Every structure is written in C-alpha cells, then in structure tokens.
Amino acid sequence: GKGEVIVSAGGGAVGAGLLEAAIRAKPLTALRDRNWRVLAGNNLPAKEFQKLARLAAGEVGIELQRSRADFTTLLANCALSISQAGYNTLMETVQARARAVIVPFAGGQETEQTMRARCFAERGLFELVEESALAPATLAAAIERAARKPRPSPGVIDLDGAPRSAASIARMAKGEAP
C-alpha cells in the first residue's frame with residue numbers, strides 16, 4: 001500500500017456519497033496516477049457497493065474493497081487518506097501522521113463528526129470538506145491542498161489519554177491527588 005490514496009467510510013452505512021465523490025474526483029487530482037484503495041465498509045448496502053463497483057471499473061487504478069484488517073498500516077504508508085470523521089478513524093490517522101481530507105457525516109441531527117473535524121482542521125491537521133459541499137470538484141481541491149502539505153508532526157495531539165487516565169484513577173484510589 002505504499003503511496004496509495006486510501007478512501008474509507010468506516011462501517012459504510014452512511015458513506016456512499018463520500019466514496020462516489022472520491023472516485024469521481026480521482027481524475028481531477030495530481031494523485032490520479034496513484035493507486036486508490038476504496039474501503040466501502042461492511043455495512044454499505046450491497047446495491048450501493050455494486051453501484052460503486054461499476055463506477056470504479058471505469059477508472060484505472062481503483063481497488064474497491066469492503067474493509068481491510070491492516071487499515072492502520074495502510075494509513076501509515078499512504079500518500080493521502082480521504083475519510084469521514086469518526087473518532088477511531090481520526091485517531092488512527094493522527095497516529096499514522098497521514099495527510100488527510102476529512103468529510104464529516106452530518107445527516108439528520110448529527111453534529112459530533114462535524115465538531116471533531118473542525119477542531120482537527122483548525123489545528124492544521126487535516127483538510128476539511130463539509131458534507132453539504134461534497135462534490136468531486138470540491139473534494140479534488142481539498143485533495144490538492146492536503147497533498148502539498150507535509151505529513152503532520154508527531155505529538156501534535158497527545159494520544160496517551162487512556163494510560164494517563166488509568167494512572168490518575170489508580171492514584172485517586174490510593175487517596176492521592178490525581
């Protein structure tokens with residue numbers, strides 16, 4: 001997966017629009033000659049997966065798959081990641097120090113992904129495309145911006161929250177100050 005563009009939609013239940021826009025954006029980008037690995041997720045309905053398969057078949061260098069157990073390795077080796085803004089995906093992308101474009105799911109009353117995505121984008125970690133603005137051209141423009149940036153620096157976000165929290169709880173259980 002070295003140098004690929006990784007397009008992912010988490011579980012896939014609400015990612016068809018992102019995946020389609022990414023496939024259509026590929027020829028509009030400087031990364032059009034790279035392999036694009038599109039991970040649709042196991043929850044994308046079969047009918048939507050088949051529609052994406054037909055669309056991907058018309059483009060050279062697109063591999064459409066449901067999911068990959070080595071997703072974090074793909075992120076670490078990719079030229080660019082394009083994804084939604086789920087918590088796990090963003091943390092894995094930061095850990096991998098991948099250049100990225102994020103398109104938060106914002107359907108219905110959903111605000112969590114948008115708030116998280118804006119926070120990361122404001123810190124310069126990722127390029128952001130609001131779901132309401134998602135189109136091949138806007139996605140391609142964000143891909144171009146992200147591809148020109150250096151990989152994020154290590155340690156930009158503290159990823160040791162779980163062990164630090166556990167240590168604080170252990171100190172509190174002993175009657176010590178957290």
Side-chain angles (χ1 to χ4, degrees), residues 1-19 21-22 31 36-44 65-134 138-139 142-178:
K2 194 88 171 147
E4 292 182 328
V5 174
I6 305 299
V7 183
S8 62
V14 294
L18 169 61
L19 302 175
L31 300 176
W36 287 41
R37 187 174 305 278
V38 179
L39 304 176
N42 294 322
N43 297 323
L44 183 73
Q65 299 172 310
R66 282 291 186 173
S67 65
R68 291 283 296 254
D70 62 345
F71 179 66
T72 56
T73 301
L74 293 174
L75 284 176
N77 291 322
C78 74
L80 182 80
S81 170
I82 304 165
S83 68
Q84 292 181 310
Y87 178 83
N88 290 340
T89 299
L90 289 193
M91 292 299 107
E92 291 164 345
T93 304
V94 168
Q95 179 73 36
R97 298 182 46 230
R99 292 176 193 90
V101 175
I102 50 177
V103 182
F105 171 67
Q109 301 295 334
E110 178 64 45
T111 60
E112 173 197 353
Q113 287 198 14
T114 299
M115 290 175 15
R116 182 180 310 113
R118 287 178 181 163
C119 180
F120 279 69
E122 287 167 4
R123 286 162 177 76
L125 292 170
F126 306 131
E127 287 296 319
L128 170 67
V129 175
E130 300 283 354
E131 190 177 59
S132 61
L134 181 61
T138 56
L139 187 57
I143 290 166
E144 294 299 302
R145 291 190 305 273
R148 287 192 301 265
K149 290 182 173 183
R151 292 178 80 84
S153 299
V156 174
I157 293 181
D158 182 358
L159 299 173
D160 292 327
R164 289 177 53 201
S165 296
S168 290
I169 292 168
R171 283 192 299 276
M172 289 171 35
K174 292 178 185 175
E176 301 171 8

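Values below: all heavy atoms of this structure, side chains included; hydrogens, waters and symmetry mates excluded. Computed from a prediction, not measured in an experiment: that's the story for all the values here.
With sequence neighbours excluded, the residues that form a side chain to side chain contact (heavy atoms under 4.5 Å, CB included) with Ala146 are Leu80, Val101, Glu127. For Arg66, there are no side-chain hydrogen bond (donor to acceptor under 3.5 Å, both in side chains) partners, not counting sequence neighbours. Applying the side chain to side chain contact (heavy atoms under 4.5 Å, CB included) test to Ala147 and every residue at least two apart in sequence or in another chain returns Leu31. Residues passing the side chain to side chain contact (heavy atoms under 4.5 Å, CB included) test with Ala117 are Ala85, Ile102, Pro104, Leu128, sequence neighbours excluded. Applying the side-chain hydrogen bond (donor to acceptor under 3.5 Å, both in side chains) test to Glu92 and every residue at least two apart in sequence or in another chain returns nothing.
Listed by first and then second residue, the salt bridge (charged side-chain N to carboxylate O under 4.0 Å, His left out) pairs involving residues 1-13 are Glu4-Arg37 (not counting sequence neighbours). Annotation: salt bridge (charged side-chain N to carboxylate O under 4.0 Å, His left out) contacts involving residues 106-118, sequence neighbours excluded, comprise Glu112-Arg116, Arg118-Glu130. Evaluation of the side-chain hydrogen bond (donor to acceptor under 3.5 Å, both in side chains) test over residues 168-178, restricted to residues two or more places apart or in two chains, returns Ser168-Arg171. Within the structure, side-chain hydrogen bond (donor to acceptor under 3.5 Å, both in side chains) pairs that include any residue of residues 69-88 comprise Arg68-Asp70 (at least two apart or interchain).
Interatomic distance, OG1 of Thr114 versus CD of Glu131, reported as 7.5 Å (0.5 Å rounding). Remark: Thr89 OG1 to Ile6 CD1 distance equals 12.5 Å, nearest 0.5 Å. Here the straight-line distance linking atom CD1 of Ile82 with atom CG of Leu39 works out to 11.5 Å at 0.5 Å rounding. Atoms OG and CG, on Ser8 and Leu75 in that order, are 6.5 Å from each other to the nearest 0.5 Å. In this structure, Leu44 CG and Ser67 OG are separated by 11.5 Å, a value rounded to the nearest 0.5 Å. Here the NZ atom belonging to Lys149 is positioned 11.0 Å from the CZ atom belonging to Arg99, to the nearest 0.5 angstrom.
Annotation for Ala22 and Val7: closest pair CB-CG1, 3.7 Å, computed over non-hydrogen atoms. Counting all heavy atoms, side chain and backbone alike, Ala79 lies closest to Gly3 at CB-O, 3.5 Å. Closest approach of Ala9 and Gly15 over heavy atoms only: CB-CA, 3.7 Å.
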Verdict with supporting geometry, Phe126 and Leu90, side chain to side chain contact (heavy atoms under 4.5 Å, CB included): CA-CA 9 Å; Phe126 306 131; Leu90 289 193; 3.8 Å; yes
